[in-house]
Amino acid sequence: MDAVVVEELTKRYGRTAAVDGLSFAVPQGSVCGFLGPNGAGKTTTLRVLFGLTRATSGRAEAAGRVGGVLDRDGFHPARSVWNELSLAAARAGRQDADIDAALAAADLEHAADKLVGQCSHGTRRRLSLAAALIAAPDVLLLDEPASGLDPHALRTLRERLRAHAAAGGTVLLSSHVLEDVAATCDRVVVVNRGRRVAEGELAALLAQRIRLRSPEPEKLLAALDGLDATSDGPGTIIVAGADPDTVGRAVRDSGAVLHEMSTQGALEALYVGLTEASR
Ligand SMILES: Nc1ncnc2c1ncn2[C@@H]1O[C@H](COP(=O)(O)OP(=O)(O)OP(=O)(O)O)[C@@H](O)[C@H]1O
């Protein structure tokens, strides 16, 4: 079942089409990355899904209870972290929620009595996510949730989003941090200029895109002759349309020193390829 459905969505601001006939779906139980350059229409789509702004045409719907984090958190600077979380629970009709446990899960127990106005950007972001999660939404919509988070907080975020999906929830998150998307999401939707340029399971989109790093790229490129291998920056080669066994053997036979062979960094090459053409 699809928990998020966007169909032929268009949102115009005067003569600007922020979103231009966009369609995609997010199956229930998945964590979907929403990628695209600045101004591609991600925030606008999330705002329509939240019901904060109306579509000019088309539809954008999320099944069940929707929660999440957009850029403005709406917290009162003179309220404590504990009080804001408690208020978020009450607003969602969850007066019975264990606020201390929710703070601990967000690594915020030490900040419980701090006033929100005195919190760092990252702490405030973590509080936003905790406030969204305490409402136990079915669908979590997150606009740049990784922004301002330190590596520990990023790991906690990743684990919490995966747990939300494992429990049957659904996550749609926009991000510019591709490494983080690769580690967190099982699907991605890529948009450019308000339109979809790719959609699907991350593994399938990245299948047979392998990144190699070597101090001897020329030697490697020569050995990969006949395959779709291209240079992608100093010492980096992307091989498309070949399986890891074939690439691994070619690398071994070349005798070149290899520093890395992975599909991780291939998301960046895929993304740039998809969004560059129509910039
Ligand atoms: N309220 C508004 N009034 C006028 N134009 C707007 C408004 N909101 C967004 N836009 C325009 O719509 C386009 C899409 O913006 P949007 O914020 O959805 O992009 P985005 O993909 O979220 O970008 P970013 O990655 O920079 O956050 C941009 O050209 C933006 O200037």
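Both ligands and their constituent atoms are indexed starting at 1 by order of listing.
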Taking 4.0 angstrom as the limit and counting only heavy atoms of Thr43, give me the atoms of ligand 1 inside it, by number and element.
17 (O), 18 (O), 20 (P), 22 (O), 27 (O)
Quick test of your reading of the model: are Arg162 and Glu159 salt-bridged, counting only N-O distances below 4.0 Å?
no
Atoms of ligand 1 less than 4.0 Å from Asn38 heavy atoms?
23 (O), 24 (P), 25 (O), 26 (O)
Can you tell whether the side chains of Arg59 and Glu8 come within less than 4.0 Å, N to carboxylate O?
no
I'd like to know if Arg65 and Asp138 make a salt bridge, using a cut-off of under 4.0 Å between side-chain N and carboxylate O.
no
Of all the atoms in ligand 1, which lie at a distance below 4.0 Å from a heavy atom belonging to His176?
25 (O)
Is it the case that over 12 heavy atoms from other parts of the model lie below 6.0 angstrom from the NE2 atom of His121?
yes
Tell me which one of Gly41, Gly36, Ala18, Ser147 gets a heavy atom nearest to atom 13 (C) of ligand 1.
Ala18
Decide whether an N or O pair under 3.5 Å exists between Thr16 and ligand 1.
no
Strictly less than 4.0 Å: does any protein heavy-atom distance to atom 6 (C) of ligand 1 fall in that range?
yes
Does some side-chain heavy atom of Val81 sit less than 4.5 Å from a side-chain heavy atom of Leu103?
yes
Does Val189 share a hydrophobic cluster with Phe50, counting links as ILVMFWY side-chain heavy atoms below 4.5 Å and allowing steps through other members?
yes
From the options Leu46, Asn192, Thr44, select the one whose nearest heavy atom is closest to atom 15 (O) of ligand 1.
Thr44
Residues Arg158, Asp180: salt bridge by 4.0 Å N-O rule:
yes
How far is atom 23 (O) of ligand 1 from its nearest protein heavy atom, and which residue and atom is that?
Gly39 N, 2.8 Å
closest protein heavy atom to atom 1 (N) of ligand 1 is Tyr13 CE2, 3.4 Å
